[in-house]
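So the structure is just underneath, and the comments pick up after that.
Computation of the quantities below employed the complete heavy-atom set of this structure, encompassing side-chain atoms and omitting hydrogens, waters and symmetry-equivalent molecules. Since this is a predicted model, take the numbers as computed values, not measurements.
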Amino acid sequence: MPSNTTAPPAKKKGRRARLLLLVLVLALVAGIGFGGYWGVSTVRASYPQTTGEIRLDKLSGEVEVKRDANGVPQIYADNETDLFRAQGYVQAQDRFYEMDVRRHVTAGRLSEMFGESQVDTDAFLRTLGWRRVAQQEYDEVLSPETKKYLQAYAEGVNAYLKDHEKPAEISVEYAALALTNDYAIEPWTPVDSVAWLKAMAWDLRGNMQDEIDRSLLTSRLGASEIKQLYPDYPYALHQPIVGQGAVDESTGTFDPKAVAGDADGATTGDTPGAGPGASGTQSQLGALSEVLDTIPALLGPNGNGIGSNSWVVAGKYTTSGKPLLANDPHLAPQLPSLWYQMGLHCRSVSATCRYDVAGYTFSGMPGVIIGHNDKIAWGLTNLGADVTDLYLEKIGPDGYLVDGKVKPFTSREETIKVAGGDDRKITVRSTEHGPLVSDRSSELEKVGRHAPVGNSAPDRGTGYGVSLQWTALQPGKSMEAIFAIDRAKDFATFREAAKNFEVPSQNLIYADTAGNIGYQSPGKIPRRGTGDGTVPAPGWDSSYKWKGYIPFEQLPYEYNPERGYIVTANQAVIDQKTYPDLLTKDWGYGSRSQRINDLIESKTKDGGKISPDDMRTMQTDNRSEIATLLNPLLLKIDISDPYVREAQKLLEGWDYTQEPDSAAAAYFNAVWRNVLKLAFGNKLPKELRAEGDCINVRPVDATGPVDEQNKLVRECGERDPDSAQPDGGDRWYEVVRPLLKQEKSEWWTTPGDARTNQPTETRDQLLAQAMKDARWELTAKLGKDVSTWSWGRLHQLTLKNQTLGTAGPGVVQQLLNRGPWNLGGGEAAVDATGWNAAGGYEVIWVPSMRMVVNVGDWDKSRWINLTGASGHAFHSNYTDQTDAWARGDLLDWAYGAAAVDAATKDRLLLKP
């Protein structure tokens with residue numbers, strides 16, 4: 001999270017000194033150069049005690065913590081508060097530094113830990129006010145029972161901190177921070193846990209970036225061209241989650257068995273491009289887009305890439321005769337992993353101690369997010385509902401305009417404390433829609449990226465601003481839903497719990513021991529007046545205000561559908577032409593979901609059955625949908641250049657799978673990247689540009705033979721400084737699909753350049769040029785011998801510590817980071833090891849965990865985490881699951897008491 005931006009010259013000397021100290025302390029704790037004993041003892045000082053006994057304040061009875069060889073804890077207690085109190089203590093043992101960084105993100109207080117480089121980030125996060133909303137939720141909305149659980153969890157965390165007063169006893173990272181500032185660890189509070197849900201909601205917020213991009217595109221493209229770049233969801237090709245159903249007008253509830261007709265209210269009229277004053281806000285939207293890129297994405301890159309797979313198969317189609325449920329959320333690769341595996345067990349389940357649940361948790365938050373209890377299993381994927389709207393505001397010195405009248409801003413002052421520097425003050429202004437986020441982007445645009453943040457932005461007098469309305473900026477009850485789901489016993493209680501899962505809106509899949517399967521779409525999803533939320537709306541016109549929210553009873557769900565399975569992978573929930581409310585126009589485009597549907601149908605055809613291992617195999621399916629469309633055309637291109645022809649031959653007989661050792665996958669993905677660059681890159685405005693490495697790589701003499709004498713160099717091809725590069729996600733599959741049927745299109749026309757590329761006028765000319773460019777690019781990256789090429793050498797995963805491992809000296813990163821791993825899979829594949837075509841082939845999001853739940857025979861369920869249980873660098877459980885994860889393997893998941901005992905390696909007794 002510390003910025004990579006170069007420091008001001010006057011501060012370079014001091015920063016170098018601090019970085020040198022970081023190198024020294026981390027070298028010491030790693031045992032490098034100063035003797036093994038001191039280094040090992042320092043490292044082990046922060047390792048958790050996992051055996052013996054520990055006295056824990058406020059426990060009412062003994063709690064047992066059993067850990068397996070992977071360090072995964074199963075907690076056993078006699079009452080609920082002791083259970084969550086122990087959860088707080090154990091998570092702090094393994095992950096407190098991670099928890100502490102997270103709460104500083106959610107509170108906009110990163111500058112207190114990492115100094116001046118984080119002031120801009122803090123200013124934007126303070127403007128959003130996550131922590132303020134979380135405090136409101138705790139004070140005004142959450143039930144006494146939920147507050148009791150949160151308080152117990154905080155007591156457990158603080159009991160750990162009380163027993164570990166020295167920073168080195170908590171983590172290596174604190175030892176490093178102690179040398180650079182006077183940062184002091186504060187006690188954990190219940191609101192720290194609640195605020196994490198706001199960060200989760202931010203990363204899953206939906207189409208805010210698409211709103212900005214569509215508006216920015218108007219500077220270079222017409223409405224029809226923008227429509228081509230944002231095509232409608234392909235319902236004829238990729239089936240939605242819910243195959244049928246409609247809102248019953250007589251009861252006002254959704255009926256999953258009803259046959260729907262056309263619903264005229266499903267979409268409202270398109271919002272004008274940006275309304276009056278659009279030209280005056282283009283620069284602000286562009287600056288806001290840049291600011292969004294700097295905000296920490298704690299879950300993953302927002303937008304088309306972030307997603308998940310989950311599916312459930314009824315017992316009639318499984319080898320066990322009971323449902324099987326799979327889930328693998330696709331999030332940013334992090335070290336430690338975002339997820340923490342854990343079991344929470346009442347020794348005797350009763351009305352006063354109701355929890356017997358295991359699965360994946362978030363460090364810093366009580367309860368289990370994804371998993372199963374003794375009766376039901378569930379999984380989550382991002383629904384992608386449009387729950388954010390940007391409003392263009394006409395602003396003046398006295399306020400903002402609505403329906404011809406000036407309304408005063410709601411304002412507050414925030415103080416940002418800076419480690420090693422002076423406090424900074426900002427003023428946060430809000431309209432009736434939400435915070436004026438352009439105040440921050442205007443500051444950055446006008447006074448420089450890291451100039452001091454003042455009390456007012458330079459352009460705050462008159463003009464236009466941009467405000468944000470977002471469901472997560474209102475107090476809600478999502479925290480209550482987590483506890484209620486953990487103890488749900490059937491579909492009725494599961495749906496009742498889901499009512500409170502307001503933000504972020506998720507697809508919930510379900511299975512139970514009675515053999516039922518189900519799906520529910522919860523969430524606080526707005527109903528709009530005028531407009532459809534696809535571009536920023538004119539805030540001065542009250543007709544664009546939200547008109548309330550879709551009632552939970554009208555949100556789509558399924559229960560035991562006739563087809564016998566349910567697949568959710570961020571595709572459309574339901575055909576919007578048959579549903580009366582607009583959920584979003586920016587779904588994922590269904591490549592992954594349809595592939596899973598096809599695999600299930602193929603496996604169950606003619607009476608076939610699906611086994612748990614079949615579910616695992618489906619999770620690692622890496623077939624490329626865009627290759628099925630594009631590769632046949634590439635093979636028909638007449639290539640005369642023998643060196644390019646040599647690469648083209650790799651595609652002959654290729655089955656479209658993207659294995660790590662596949663040369664064909666490497667070449668195809670390079671061709672796809674270059675197709676996007678040539679066809680679209682120079683036609684999109686610079687504000688959409690994604691930074692990346694050079695896409696055109698040529699030998700010095702591009703016309704000569706490739707040999708040892710003709711040494712290769714890496715060069716950027718001629719790139720229009722006012723252009724952007726597409727990311728290559730499955731939206732671009734649907735953009736390109738109809739174009740491939742057109743020999744001539746304006747998109748295939750390129751001017752070329754005198755040094756590298758020839759002008760193109762047809763599809764085949766552009767494809768031929770892309771194949772040439774890809775050949776030279778991979779020659780530079782992988783060598784001239786195509787037989788040595790492999791997708792995994794391009795498509796690598798490096799796990800990075802989320803603070804000191806992302807910036808600073810290479811020595812520090814080597815000590816804290818792990819990798820690289822050569823991976824298969826790819827963008828929009830079921831095995832979604834995502835990469836961004838604008839920036840290269842590096843893996844930037846992953847299946848952050850995988851699980852296959854064998855419903856009813858719980859101890860035959862299997863799971864895996866991306867890294868491991870421990871957040872302590874050099875601990876044996878730091879990345880002990882990663883090799884298995886990279887192979888697509890799963891580990892045994894013990895749940896029942898006998899299975900847990902058999903798997904237990906360490907036992908710890910927590911005593912009052």
Side-chain angles (χ1 to χ4, degrees), residues 108 119-120 122-133 136 208 211-212 215 271-292 388-416 423-448 451-471 473-475 526 528-531 533 535-547:
V119 170
D120 294 339
D122 283 346
F124 190 82
L125 294 171
R126 295 287 186 93
T127 299
L128 295 180
W130 294 347
R131 172 77 187 202
R132 292 170 55 87
V133 180
Q136 281 184 276
M208 186 197 303
E211 281 190 48
I212 296 172
S215 184
T271 302
S279 61
T281 59
Q282 289 286 314
S283 62
Q284 288 198 2
L285 288 171
L288 177 59
S289 183
E290 290 184 8
V291 173
L292 293 176
T388 60
D389 276 344
L390 294 171
Y391 285 86
L392 307 181
E393 307 282 7
K394 290 182 178 180
I395 59 176
D398 299 321
Y400 60 100
L401 198 67
V402 179
D403 294 339
K405 297 180 180 179
V406 176
K407 291 190 173 184
F409 295 110
T410 300
S411 299
R412 69 178 188 272
E413 189 174 88
E414 297 270 354
T415 300
I416 300 172
D423 292 353
R424 309 294 179 85
K425 293 184 182 297
I426 64 169
T427 299
V428 177
R429 303 185 300 174
S430 297
T431 73
E432 62 185 24
H433 303 115
L436 206 61
V437 290
S438 58
D439 279 355
R440 302 288 83 82
S441 60
S442 298
E443 288 165 354
L444 303 182
E445 185 181 37
K446 299 292 184 181
V447 304
V453 178
N455 283 318
S456 62
D459 63 348
R460 281 185 174 176
T462 59
Y464 294 91
V466 182
S467 64
L468 169 66
Q469 186 162 14
W470 176 33
T471 55
L473 298 184
Q474 303 168 25
R528 293 170 176 82
T530 305
V535 294
W540 53 86
D541 184 344
S542 63
S543 70
Y544 286 84
K545 290 178 64 174
W546 289 0
K547 305 297 184 182

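Under the 4.5 Å side-chain criterion, counting only non-hydrogen atoms from C-beta, Tyr464 is not in contact with Glu393. Counting only heavy atoms from C-beta outward, the side chains of Val437 and Leu128 approach each other to under 4.5 Å. Counting only heavy atoms from C-beta outward, the side chains of Val466 and Pro536 never approach each other to under 4.5 Å. Contact annotation: the side chain of Lys394 never approaches that of Tyr400 to less than 4.5 Å [non-hydrogen atoms, C-beta and beyond]. Counting heavy atoms from C-beta outward, Phe409 and Leu436 have side chains that approach closer than 4.5 Å. Side-chain contact between Asp389 and Tyr544 is absent, with no heavy-atom pair separated by less than 4.5 Å. Between Arg429 and Thr427 there is a side-chain heavy-atom pair separated by less than 4.5 Å. Looking at Thr388 and Leu468, their side chains come closer than 4.5 Å, going by heavy atoms from C-beta outward.
In this structure, Ser438 contributes its side chain and Gly465 its backbone to no donor-acceptor pair below 3.5 Å. In this structure, the side chain of Asp403 engages the main chain of Ser542 through a donor-acceptor pair within 3.5 Å. Between the side chain of Glu211 and the backbone N or O of Leu390 there is at least one donor-acceptor pair closer than 3.5 Å.
Ser411 meets the side-chain hydrogen bond (donor to acceptor under 3.5 Å, both in side chains) test with no other residue; sequence neighbours excluded. Every residue two or more places apart in sequence or in another chain that forms a side-chain contact (heavy atoms from CB on, under 4.5 Å) with Arg132 is listed here: Arg412, Glu414.
Of all heavy-atom pairs between Lys545 and Tyr391, the closest is CA-OH, 4.0 Å. Heavy atoms only, all atoms of each residue included: Thr471 and Pro526 are closest at CG2-CD, 4.3 Å. Between Arg126 and Ile426, the shortest heavy-atom distance links the atoms CB-CD1, 4.0 Å.
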Decide yes or no on side-chain contact (heavy atoms from CB on, under 4.5 Å) for Arg440 and Val428, but give the supporting numbers first.
CA-CA 9 Å; Arg440 302 288 83 82; Val428 177; 4.1 Å; yes
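Taking CG of Leu392 as the reference point, atom NE2 of His433 lies at 10.5 Å (rounded to 0.5 Å). Residue Thr127 holds its OG1 atom at 8.5 Å from CG of Leu125, rounded to the nearest 0.5 Å.
Taking the six-membered ring for Trp and thresholds of 30 and 60 degrees, Trp470 and Trp130 have ring planes more than 60 degrees apart, a perpendicular arrangement.
For NZ of Lys547, the number of neighbouring non-hydrogen atoms (other residues, nucleotides, ligands) closer than 6.0 Å is greater than 12.
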